[in-house]
Amino acid sequence: MPALIPVDRFDIEQEIMQIGHFATILKNYADMIYDGELTDTAASDADSIHTSLQGFANLLDAHSDKMYESHKKHYNLSEYS
């Protein structure tokens with residue numbers, strides 16, 4: 001069954017570029033932690049940092065799933081291909 005919304009290589013490239021932008025956000029967050037710029041105690045304790053990183057991991061997992069679905073649509077793949 002063809003995809004309801006056609007996906008082309010530009011859609012996939014856009015999703016890959018979004019990962020690059022997200023990586024920059026993570027690097028900025030890491031730099032702020034390292035430089036001690038997170039002075040708000042709610043944002044600088046170990047639990048808060050751990051929660052943030054777990055949230056980032058969940059976002060990356062979701063984006064990876066989206067990229068995989070786009071890939072399947074672009075190449076007309078199914079679980080049986």
Counterpart residues, side chain to side chain contact (heavy atoms under 4.5 Å, CB included), relative to Ile12 (two or more places apart):
Val7, Ile16, Ser70, His74
Contacts of His63 that satisfy side chain to side chain contact (heavy atoms under 4.5 Å, CB included) - sequence neighbours left out
Glu15, Gln18, Ile19, Met67
Supply the atom-to-atom distance Asp8 CG to Lys73 NZ, rounded to the nearest 0.5 angstrom.
12.5 Å
Where the side chain of Thr51 meets the backbone of Asp47, is there a donor-acceptor pair that is under 3.5 Å apart?
yes
Set of side-chain hydrogen bond (donor to acceptor under 3.5 Å, both in side chains) partners for Gln14, sequence neighbours left out:
none
So, using side chain to side chain contact (heavy atoms under 4.5 Å, CB included) as the criterion, who are the partners of Gln54 when residues are at least two apart?
His50
Applying side chain to side chain contact (heavy atoms under 4.5 Å, CB included) to Tyr34 and not counting sequence neighbours gives none
Nearest 0.5 Å, please: how far is CZ in Phe56 from CG in Leu53?
6.5 Å
So, Asp35 side chain and Met32 main chain: donor-acceptor pair closer than 3.5 Å or not?
no
CZ (Phe22) with more than 12 external heavy atoms under 6.0 Å
yes
Does anything in residues 50-70 form a salt bridge (charged side-chain N to carboxylate O under 4.0 Å, His left out)? List the pairs, not counting sequence neighbours.
Glu69-Lys72
